[in-house]
Visitor: 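Below is the structure I would like to discuss, written out as C-alpha cells.
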Number of protein chains: 2
Amino acid sequence: MTLPLYQVIRDDIDRRIRSGELRPGDRIPFEHDLMRQYGCARMTVNKAIGALVADGLIERRKKVGSFVRMPQLVTPIVDIPDIEVEVTARGEAYLFKLLSRTVEEGGSVLALTGIHYAADRPLAYEERRINLMAIPEAESADFETRSPGHWLLVTVPWTHVETQIGAEPAPASLSRRVGWDKDTACLVVTRQTWRGEAWVTRVRQAFDGKIYRVTASLDEAR
Amino acid sequence: MTLPLYQVIRDDIDRRIRSGELRPGDRIPFEHDLMRQYGCARMTVNKAIGALVADGLIERRKKVGSFVRMPQLVTPIVDIPDIEVEVTARGEAYLFKLLSRTVEEGGSVLALTGIHYAADRPLAYEERRINLMAIPEAESADFETRSPGHWLLVTVPWTHVETQIGAEPAPASLSRRVGWDKDTACLVVTRQTWRGEAWVTRVRQAFDGKIYRVTASLDEAR
DNA sequence: CCAGCCATTATGTATATACATTATCGATAT
DNA sequence: ATATCGATAATGTATATACATAATGGCTGG
C-alpha cells in the first residue's frame, strides 16, 4: 500500500513541523528544491503544500516562500454527538421518555420536554423547540421513546450550529423529579441549529455533572 | 477580484449542497460533465472537488462517482482561547494572582495554583503542572501576575491537546476563598497539551458557572 | 541620496496528456 | 444458471508546460 508521492511529501513536512524541527515562522524549502529533492514535477510538490495550507499548517507568500504558521490560539474540536449514539456506543441501554408535547405560537413551534436515560439512570433533562415552519413533518413524528435530537439528526441536514456550554446548580424541582442529589451541578448544553436562513431547532440539555462530560482531542492546527 | 475557476466550481457545488438542492447521498455531476459545463480541463474540476473532499462535504468512489456525504454527527468547534485574551477582548481588566508555586517530583514538575480575575471578580481557580523536563525555561518565568497559560501559549508550540469539560459543585473551601455563593456550580475545564511525545502542561480550571460559558459556532462539515 | 522602474523569483492557476486503479456490467464458457 | 473474465467508465496520480501574479532587490537617472 504505497502512499501517493504528494502524500509522502505532505507527511514528511508535517512530521518535521510536529517534531519541532521546523518551528513557527520557519521557511520550508522552495517548491523548486523539493521538486529536485523528490525528483518529481512541481505540480506534485504544489499539491502537497496545498494540502498543508488547507490544514492550516503552512502559509504561502508569493515570491517570498512558504512558512510554518504560528500556532492558533487553543481551539479544540469538541465532539458532542447525539446522546443516543454516545450512550449506545458506550454499550449502555439508551432510553428517552417524553414528558410533555405542546404546539405553540399558532402551530408554528413544537415544544417538547423529556429525559434521556443511560442504563436506567437519568442522564439529562431536555427542553426542545422545533420550527414546524421549516420542518412540518416533525408534527407527525413519534417522540415517545425516540429522542427528537436523533430523529432530527438523521432527517434534517443542518448548515449552522451554535452551542453554549455552562454549569448551573440543578433546580430542586428537577433534582426531585429525576432523583439527583440536592447539590448536583448540571452541565448545561444549549444548542441551536439552522438550515440555511431558517432555524430548525433549539435545545437545552441539563446533564448530571457527575456522570457526563464533554471531551475533546485535537492535533495542532485549525 | 475574480476568483480562480476552481474556487468558483467549488463554491457552486458547496452552495447547491447547503441550499438543499443536493442532498446527502446525491450524486454530483461527473467530472467529465462539469468539465464541459465550465469549459475547462479535468484537472481544474478535479482540484475543485478535491477541495470539497478535504472539507468533508463530498465523498468520491472510483468508477461510481462523487456523492454528497451524510452530515457528520454534531461536532462543533469550541473556542476556548486563553483566559487573559478572552477577558481583555471583552474590555475588562484581567488579573492573575499566584497562590502557590512548588517544584515536585525531584525537580521535574512545576506545580502552580492561582486565581484569574476579570474586572476584579474572581473568574476561575486554576491548578497547573508544567513539565520542567520539556520546558526548563518555565522555572525562571515570572508567574506572579501573568497567567502561566498565556506564557505557555506564546512560548511553547503544542502539537496535541486533550480537553474535558464538566460541571461540579464548588467545594466549600474554594467558595470561601474566592467569595462565591455556597451552591455555585463550577464549569471545570481540564486540559493537557503535548509537544510531540512529551507532555507540556496539565491544567484544571474551575470557572464560576454564573459568569462563564463556552460557546461554539460552526458551519456544516468537519 | 533617493525615487522609480525593471528584472528576477517564487508561488498561483490552468491546460493537455498519460497511465493507474477500481468498481461495474455484460459477455462468454463451463 | 453461474462463475469468470474482460471491456468500460469513473476517479487518482503524475508530468511537462505555460502564463499570471506579486514581492523583492538591484539598477538607473535625476
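Below, each value reflects all heavy atoms present in this structure, side chains not excepted, and no hydrogens, waters or symmetry copies. Throughout, protein chains are lettered first and strands after them, A, B, ... in sequence-line order, and every chain is numbered starting at 1. All values derive from a computational prediction rather than experimental measurement.
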Visitor: Taking all non-hydrogen atoms of both residues, which atom of A:Tyr125 and which atom of A:Glu127 are closest, and how far apart?
Guide: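 So the minimum-distance heavy-atom pair works out to CE2-OE2, 3.3 Å.
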
Visitor: What pair of heavy atoms forms the shortest contact from B:Ile58 to B:Ser66, and how long is it?
Guide: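 The answer is CG2-CB, 4.1 Å.
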
Visitor: Inspect the contact between B:Arg69 and B:Glu59 and indicate whether a charged nitrogen and a carboxylate oxygen are less than 4.0 angstrom apart.
Guide: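 Here B:Glu59 does not pair with B:Arg69 in a salt bridge, since their nearest N and O are not under 4.0 Å apart.
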
Visitor: Should B:Arg10 and B:Asp55 count as an ion pair when the cut-off is N to O under 4.0 Å?
Guide: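 Salt bridge between B:Arg10 and B:Asp55, a charged N being under 4.0 Å from a carboxylate O: yes.
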
Visitor: Looking only at heavy atoms, what is the nearest atom pair of B:Arg16 and B:Pro29, with distance?
Guide: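 Here B:Arg16 and B:Pro29 meet closest at NH1-CG, 4.4 Å.
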
Visitor: Reading DNA chain C in the 5' to 3' direction, which nucleotide is the first one with an atom under 4.0 Å from a heavy atom of chain B, and which is the last?
Guide: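 First and last nucleotides in contact are C:dT13 to C:dT24.
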
Visitor: Around B:Glu137, counting heavy atoms of other residues, nucleotides and ligands shown, do more than 12 lie under 6.0 Å from its CD?
Guide: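 Result for CD/B:Glu137: enclosed.
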
Visitor: Any Lys/Arg nitrogen of A:Asp142 or A:Arg146 sitting under 4.0 Å from an Asp/Glu carboxylate oxygen of the other?
Guide: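 Answer for the salt bridge query: no.
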
Visitor: Under 4.0 Å between any heavy atoms, over every strand shown, what does B:Leu5 touch: base, sugar-phosphate, or nothing? Just pick one.
Guide: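 B:Leu5: backbone/sugar contact only, no base atoms under 4.0 Å.
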
Visitor: Rounded to whole angstroms, how far apart are CG on B:Leu3 and C1' on D:dT21?
Guide: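 Rounding to the nearest Å, CG of B:Leu3 and C1' of D:dT21 are 15 Å apart.
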
Visitor: If you look at every heavy atom in A:Met133 and A:Asn131, which pair is closest and at what distance?
Guide: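 It is N-OD1, 2.9 Å.
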
Visitor: Hey, what are the protein-to-nucleotides 7-10 of chain D N/O distances that come in under 3.5 Å?
Guide:
{"residue": "D:dT8", "atom": "O2", "partner": "B:Lys63", "partner atom": "NZ", "Å": "3.4"}
{"residue": "D:dA9", "atom": "O4'", "partner": "B:Lys63", "partner atom": "NZ", "Å": "3.1"}

